[in-house]
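Let me begin by presenting the structure, written as structure tokens, before commenting on it.
Chain letters run A, B, ... following the sequence lines, proteins first and then strands; every chain starts at 1.
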Protein chains: 2
Amino acid sequence: MQTFVYIVMKNRRITLKDLAKDLNLSASTISRALDNHPAISDATKKKVRQKAEELGFIPNSIASSFRTKKTKSIGIIVPRIDIHFHSLVISGIENYAYKNGYNVTIFQSKDSLKREKEITKILQNRMVDGIIICLSIETEKCDHFKKFNKLGVPMVFYDRVPTDFDANKVVINDFESAFTATEHLIKKGCKRIGHIAGNQKTNIFKARLEGFKAALEKYKLPIDKNLILYTKNLGYEEGVTCAKKYLQLPKLPDGVFCANDYTAVSVIQVFRKQGIKIPHDAAIVGFSNYPISKIIEPNLTTVNDCAFQMGESSAKLLIRHIEDKDDFINSESITIRTELIVRESTK
Amino acid sequence: MQTFVYIVMKNRRITLKDLAKDLNLSASTISRALDNHPAISDATKKKVRQKAEELGFIPNSIASSFRTKKTKSIGIIVPRIDIHFHSLVISGIENYAYKNGYNVTIFQSKDSLKREKEITKILQNRMVDGIIICLSIETEKCDHFKKFNKLGVPMVFYDRVPTDFDANKVVINDFESAFTATEHLIKKGCKRIGHIAGNQKTNIFKARLEGFKAALEKYKLPIDKNLILYTKNLGYEEGVTCAKKYLQLPKLPDGVFCANDYTAVSVIQVFRKQGIKIPHDAAIVGFSNYPISKIIEPNLTTVNDCAFQMGESSAKLLIRHIEDKDDFINSESITIRTELIVRESTK
DNA sequence: AATAGTTATGCAAACGTTTGCATAACTATT
DNA sequence: AATAGTTATGCAAACGTTTGCATAACTATT
């Protein structure tokens, strides 16, 4: 009796040395030829490229990174990937990075400071060339990011950015966007305007509230504390609770600016169930231009926060800092233009 | 006049050799000590760990990868990151990978075969340990993935998987899920059930249509061709078009099983505008359990496709294949359990 | 006291690329 | 014909880790 064992041979990868031996050239010449180095003759370049193609040579970028100390990869830390805003930002980052020969490694902090700190350690030994970060909600001090300054690894923060140290930032102008959104309600004739606010520990939501107030002040409308409701996470259910609070007031608001679309949608639904006509009795504005804003009836007027562009700009800024080693720029701050998308909920 | 130029010194990274010199030990001992190798005495391990901590030693994982040929990183190719389904899958992958010391590098094929092919080249020279893929819509032949078999780099496909070669797969049972969804409508008393189908070039949507038909057959209901409508991308607008087609029929369907939630939502909205009561006059079932299914009124009955679990299972399967070099398993196929979430649109 | 076994450490090479410097073999200039 | 300049290539070292093998310095056994 005989037993045959077939062993599937894994192909050993072709290296520069293999090509060199095959062509009777040195590895340095091969390396330079493939890199299109001017010192190498065209004839040699052609020969080398042909042979590389023929033998299926694939450069080992780990070896290259090891030698050059450049990994051509950037790390991203987001609270959660499955939040639509972040997935759009990541998409924008990937898109720009891909075009420029970088790739992106993603980490979720899950809004945990502990995990965020762990991730910075991993990124440090992974030797990424740069990092894009949206801070976890728990993060107040950013000391764990300072090591990257020392190591010369550029960082760009977006959306939730540090306040305690000087960093590259890509943000929108929440104050102004909120101002514009509120102004829009005022121009539509609203006099009693409410606001559903986000967590006031987060600067973004603080700025939206401030922008809201500033618009009322500009147009000499009173700021009624009963019309400003606070939430923890701007969740759909919290929006329902807020809307019900409005219903219990002796007089309803005739307009509501919500700090995100989920709460805006819940206000629309709760109000409509009570027979309140939107926008006739109350006009509603959201924030973020979530897909649902185009589906809810009536369609929701909202602020497009241009998440994809935010991602692209972050990647662009980061890669510029990686590649221009201009030590005189300490930090840059970019503000992305937002736009108010007017739909039926305020028409 | 004097000019001072301050140059910010970048800290040179501490290496094993630095530690070795400092402690009068060899680099090999340091390496083994930090790796908790049994041959090293506890006293030495302690000394080494202390010194490593003191000098802020961070292992250079690029050097390590270079030496060991393991990068502890996995590549992911998805059509688009900002599609909620994929962002959930990625979240599941990242979560499992993180717990197991792997990190994930993401690429978007943008549903382009050309870009998918480019990405496989990048992944090849990036030396990832394994790859998770959802095929682009254009991909019919998978030859560009075969090189990874030769290189011994395991792959796992999810959702859109190859049919032309033997591969590890993680999928849901679309046939059965569609069958169950349709059966649910039948048990609720529907007799004239419609289906809004996805692109029939995609196996998933073919299977959903088949499952739909099989359920009707089992319960001896007629399959009415006029009630089966085909779409290209199952987009919201296409759903609106389909719903309007139903309205033009001499007799409306009393139940519709839609191949995704967007089309289901549009049917609900179009029908309601015509005064058709849901679920009383027509019950609606969707597919995928998108966030909107909990918000639309009435809340949508839908199939939870367990995207997060799909991601986790893909990562688990992949990492098992990376770590157990069991050459006798050629491929594995995993089917994730789905569940029908019954909400008001069929109650 | 000689031998065998154990414990803890070091040597040296290797992974595949890149790059400063050297140099051989030309060509152009006087 | 001598010199200077140019072109094309190779040498050798380096990046920071890991690991098979060797071995020094013990301890235990006869």
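- As judged by a 4.0 angstrom heavy-atom cut-off over every strand, Ser65(A) is placed among residues making no nucleic acid contact.
- An OP1 or OP2 oxygen of dG10(D) is reached within less than 4.0 angstrom by a side-chain nitrogen or oxygen of Thr29(A).
- Each of Leu16(A) and His37(B) has a nearest nucleotide on DNA chain C; the 5'-most of these lies closest to His37(B).
- Between Arg32(A) atom CZ and dC21(C) atom C1' there is a gap of 10 Å when expressed in whole angstrom units.
- Taking only side-chain atoms of Asn60(B), from C-beta outward, the nucleotide of dG16(D), dT9(C), dA12(D) with the closest atom is dG16(D).
- For dC11(D), the base has a donor-acceptor partner in the side chain of Ser28(A) [N/O atoms by modelled type, under 3.5 angstrom].
- Atom CE in Met127(A) sits about 9 Å away from atom C1' in dG16(D), given to the nearest Å.
- Side-chain proximity of Phe66(A) to dT9(C), dG10(C), dG16(D): nearest is dG16(D).
- Nearest nucleotide to the Ser64(B) side chain, out of dG10(D), dT17(D), dT9(C): dT17(D).
- No engagement by Ser61(B) is indicated, since no non-hydrogen atom pair under 4.0 Å with the nucleic acid exists.
- Of the candidate nucleotides dT19(C), dT9(C), dG10(D), dT9(C) has the atom nearest to the side chain of Ile40(B).
- Note on Ser31(B): a base of the nucleic acid sits closer than 4.0 angstrom, heavy atoms only.
- Looking at heavy-atom distances under 4.0 Å, Leu25(A) makes contact with sugar-phosphate atoms alone, never a base.
- Closest to the side chain of Thr68(B), out of dT19(D), dT9(C), dC15(D), is dT19(D).
- Within 4.0 Å of Lys17(B), counting heavy atoms only, lies at least one base atom of the nucleic acid.
- Note on Asp18(B): nothing from the nucleic acid sits closer than 4.0 angstrom, heavy atoms only.
- Summarising the geometry, the separation between CG on Leu34(A) and C1' on dA8(D) is reported as 16 Å, rounded to the nearest angstrom.
- Nucleic acid contact for Asn125(B): none, since no nucleic acid atom lies under 4.0 Å from a heavy atom of the residue.
- dT17(C) atom C1' lies 13 Å from atom CZ of Arg13(A), rounded to whole Å.
- Under 4.0 angstrom from either OP1 or OP2 of dC15(D) there lies no side-chain N or O belonging to Thr15(B).
- Between the CG atom of Asp42(B) and the C1' atom of dT9(C) there is a distance of 15 Å, given to the nearest Å.
- For an aromatic pair to be called close, the ring centres must be under 6.0 Å apart, and Phe157(B) with Phe145(B) satisfies this.
- The listed nucleotides are dG10(D), dC15(D), dT9(D); the one nearest the side chain of Lys69(A) is dC15(D).
- Between Asp35(A) atom CG and dG16(C) atom C1' there is a gap of 15 Å when expressed in whole angstrom units.
- The CD1-C1' distance, from Ile30(A) to dT9(D), rounds to 11 Å in whole Å.
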